Structures are given as C-alpha cells and as structure tokens.
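First up is the structure itself, then whatever we jot down about it.
Quick note: residue numbers are just sequence positions, from 1. The structure presented is a predicted model; accordingly, all values stated were derived computationally and were not measured. Both ligands and their constituent atoms are indexed starting at 1 by order of listing.
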Amino acid sequence: MNGLMMDKQLMISSILTFADRNFPDREIVSVTADNPSHRYTYKDCFSRTRQLANALKSLGAEFGDRIGTLAWNDYRHLELYYAISGSGMVCHTINPKLFPEQVAYIVNHAEDRVLFVDLLVWPLIEALQQHFSKVEHFVVLTTEANMPKTQINNVHCYETLLSKESDQFEWPEFDEKTASGMCYTSGTTGNPKGVVYSHRSTLLHAYAGALTDATAPRSVDVVLPVVPMFHVNAWGIPFATIMVGAKLVMPGPKMADGETLQYLMESEKVTFSSGVPTIWMALLNYLQESGKKIPTVKRISTGGAACPLSIIERFKHEYDSMVIQGWGMTETSPLGTIFSLKAGMEDYDTEQVTKLQSMQGRGIFGIEMKIVDEDNNSLPWNGIDSGALKVKGAWVSNSYYGLSATPGDPDCPVDKDGWFDTGDVASIDEHGYLQITDRTKDVIKTGGEWVSSIEIENAAVGHPDVMEAAVIGRYHPKWTERPLLVVVRAPNSEVTSDAILEYMKSSLHKLSVPDGVEFVDELPHTATGKLNKLAIRKMFEDYSFE
Ligand code: ADP
C-alpha cells in the first residue's frame, strides 16, 4: 500500500517561491568588483532571477545544459544559482583560482554551453577562450559601463541581458533527481572529477544543514558565507539561509581580507559566518593588529581542513564567538558531520567543550558512517581505533560525471556494499564524535604505527611564533618514515627548531614529535586553500633522516 501524500518534487525553485512570499524585504548585501556596497532585497533578487531565467532561454540554453560560473560570493552569483537550476539546467561552479589548464579541462569535460564570468576573472577566460570546445556565449557579470574591451564574439554584458527580459517566469516542475549543480574535485590525484548534485540531494542537504544541531541558520540571523560559492555550493548556505529567510552578506572578491570581513561583520551586524581555518586565521590576525571587534558574531562554522585549537580558543576567549567545526567533502555536498553538544554534556567545563570543538563533529541524520580496517572490517567507536572512513547518504555521490556508476568498479567511488570511501583516516569516539587524523595518502607510518599529521600540525601552530605548519613523512633507515615539520614563522620571529620541538613535547606522544624542522617563507596551497601536501613533498623529496 502506498502512502496517500502528494507526490511533490523537491525543487530548488521552491525555496525561492517560498522565500519570495514570506521574506520579501530581507536584505542581501554584496561586495562586487564594480560596487563595494551593493544592497537589495529578496524580492529584487527573485525578480531579477526570473529575468535571468528568460535571458538563459534567449541565449538558447536548454533543459539539462551545463552553464558554467566563474564568480565570487555576490548577488549575481546567487541569481545564477537559482535561475540556472530552477530552469532545469545545471549550475556548474568553477573555481577561478585553478590553474588555467584545469579550468579549460573542466569547462570542456562538462561541455559548458555558456560561461558567466566575474569582471576580475575575465582576463583569464579571454586568454583561454580558444581552448573551449563547446562554449557558445560568454557573459561578463557587470554593467555596460564596466564592460571590458574584447575582440571575442558572443561576449555579453550581464546587466544588459537582464534589462531586456520580463520578470515573469513560471518555474517548471520536473523529476527531483534531475541534475541541478556540478562541482569538480580539486584533482590532487589525477584529473578533476565532476560531482553532480540533484534537486533532491540539494534540498535534503539544505534541510539537514538547517537542523538545530547542525549549522541552524535562523530567520533572525545575518549570515556571512566566506566559504566560496564556486566550491561545493558554499556548503549549501545559499539554499539553507534563503529557506529560513536570513539576511545574507557576501564579501565578493575580498574573501581572504580580514579588514573587509571585520568591516562587514560589524557594519551589517553579522551573527553567523562560515569559512575555512586559513580565513579565520587572517581575520584573527587583523583583529589583533587593529584592536577591532566583531561584537555580534556568535557562531563561526569551519571545515575543509582541521581547525587548530588556537583558533577555537581565541574566538571563544577574546571575541565570545563559538567555533562549530564540521567535516565534509565535495562528494558529500559537503555536510557530513558537525559539532554540537549532546544531552549529558551540559556540565562539561570549557576544556572538555573545546576538546570536542577541535574534533570534526558528530553525525547528522541522513549520513551513515563507519570506519574500517585494511580488510574492510568495521572498527569499534571507541576513540582509539582508527581506519578508513566510509559514508552513505542521500547527498553523497554514487558516481562522477562520465565515469562508472557500478559500485565496486575502479572508476566508481562507491564500494560493492554501497559505501563511499572518503579517502580520510579517522576514529570515532563512544559518543559518535569524529576525529580525522589524516588523508589516506598523507598518513605517516613510523615503525609500524600510524601517526597523525593533523595532530602534529595543530600542536605546532599552537606555538605563538608559528604562523603555519605542515607535516610530511620522510625516509628514516630505522623507522621507515618519520615526521618532518615544515614551518612558516610568524612575522619578525626568529624562533628556533629546538624551541618549537620542546613546546610540542608537552602535548604530543613521543612517537609523534617530529625528527626535524625546516623553515620556509610560505607553504603551497591548493586552489581551495588547503595545504598542498603533494607540492610540499616535492619540495623536500631529497630530504631524509639518514
Ligand atoms: P578537494 O576535493 O577540493 O580537496 P574537498 O572540500 O572535497 O576539497 O575536501 C575534502 C577533504 O577535506 C576531506 O576528505 C578531508 O580530508 C578534508 N576535511 C574537510 N573538513 C575537514 C575537517 N574539519 N578537518 C580535517 N579535514 C577536513
């Protein structure tokens, strides 16, 4: 017997129609390349989104077409999110900071027909344009007055395109499993791979993100997503916040700029912000130098890389802001786990709470997880055993664009039992809190034991003279591998390796204390701001402990 409920499909456009009816006056504030302070309402946004849907049609784009975006976090990118997916096309967000050849590879692989390009990214796209095999139109995200001069045909001005269109558009309803968005993984192991989200997965993920024990944006919140809209849908914030009617504040190209972030936080009364730890480090450094405050910011969510304890403590003690750490990946939309306390922890003292915050959070309904040993046997949740982390869920990839969808195939990310192998190594404690210790490929095996490079890096950055630290395994004749610590000193510091190692001994097991320290001026990062371990290993490929 079937249930007798409406067969209403979960559509991204339904967020917009709901919000239009319920929160028309809520504000969206953006920094853009052509306007440092743009401000309008949900109502304005959705009216322009309908004009944009008509403009896409006028350009000849059709249901199922991939439409690329190379843009920062701002109102035009938001309009693109909703107009493209809402029309049944696929919003393919592309990271403008990737190497040019990777951008060309991704655009061609996805067979993008139209590219929407931020003014600041236009020079990159103009230089690459003859390498694009399927792109028919380029649209520069600006006004006619700011349009760049170009010899290329089919380059349009975004604002001019919109101005020619009606703001009447009926959002179509179709199968909720239809692709809505696409984002390529960073490709540290081979070519980037296309993760394809659906309307169903995106809406379920937005609901999960809005759970009280998850990121929980509320209507009264003012949300500043510093996590980029060009990577994993800014962690779903453009959907979850609009769904609940929160005010959105977007930093445009100024994402890594502590001064702009502080300014926006204070002037717009931001209550909740999300970003990777390097962003928070930049903001904290700016706050310290300037003596400025972020009085209304109560919650800071972080993920994408392990969050050093020092960030959590500084936000808590100096700015009264709570850091909420989560774990996820492009393939998990990205929400996998997130921090919140459980019943029974009400009396935890600051130290106990901080320890939990420095872990990667606990499971949320919708994602199943397990850790397994080398023979794929499940390991106990005891906080000690660690193994490969596998997950399952309605917003987890079961295939990559153009690759096999048959579980167990080498091209397919899902094993024959239906579990997605995350490539992370983790332990899970008895309360269900996850601790990521490494990427499988970054694990350091010393004398038969695994040591966690993340734990060592976190211990190192706790030293006030260490600005950034990375740990890699290097050959050792007795132990096979031992950890080498690579450090960027804080400005004007002349701290010695002995001082750093001495400091680390207080918090690390003997086995985890590095055997050597090397100082560098800067560390290489991937386009999503993570330490590029591949490049760091290359820098020290001749280094050994012999
Ligand atoms: P990319 O594929 O571009 O590297 P992802 O955002 O998909 O980017 O990266 C996902 C990976 O980032 C995870 O598999 C994990 O290794 C790491 N990661 C994400 N969140 C955390 C976290 N809170 N702590 C430690 N590592 C994390």
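Under the salt bridge (charged side-chain N to carboxylate O under 4.0 Å, His left out) criterion, Glu457 pairs with Lys533, sequence neighbours left out.
For the 3.5 Å distance criterion, the side chains of Asp424 and Trp327 qualify, holding a donor opposite an acceptor. Arg362 and Ser340 form a side-chain donor-acceptor contact under 3.5 Å, judged by distance and modelled atom types alone. Using modelled atom types and a 3.5 Å distance limit, the side chains of His109 and Tyr184 yield a donor-acceptor pair.
Within the 4.0 Å heavy-atom cutoff, Pro334 does not count among the residues contacting ligand 1. Using a non-hydrogen distance threshold of 4.0 Å, Gly423 does not register as a contact of ligand 1.
Considering both main-chain and side-chain atoms, Ala306 comes within under 3.5 Å of ligand 1 through a nitrogen or oxygen pair. Any N or O atom pair closer than 3.5 Å counts here, and Gly304 shares at least one such pair with ligand 1.
Selection from Gly328, Cys183, Gly361, Ala305 by nearest heavy atom to atom 22 (C) of ligand 1 gives Ala305. In the candidate list Asp424, Thr185, Val195, Asp424 is nearest to atom 15 (C) of ligand 1, counting heavy atoms.
Within the structure, every pair that satisfies the salt bridge (charged side-chain N to carboxylate O under 4.0 Å, His left out) test and touches residues 97-111, not counting sequence neighbours, is listed here: Arg66-Glu111, Glu111-Lys134.
The two residues Leu264 and Val270 have their closest heavy-atom pair at O-CG2, 3.7 Å. The heavy-atom pair separating Arg218 from Ala246 by the smallest distance is O-CB, 3.4 Å.
Those atoms of ligand 1 with a heavy atom of Met329 less than 4.0 angstrom away are 7 (O), 10 (C), 14 (O). Each of the following atoms of ligand 1 lies closer than 4.0 Å to a heavy atom of Gly326: 20 (N), 22 (C), 23 (N). For ligand 1, the atoms lying closer than 4.0 Å to a non-hydrogen atom of Gln325 are 22 (C), 23 (N), 24 (N).
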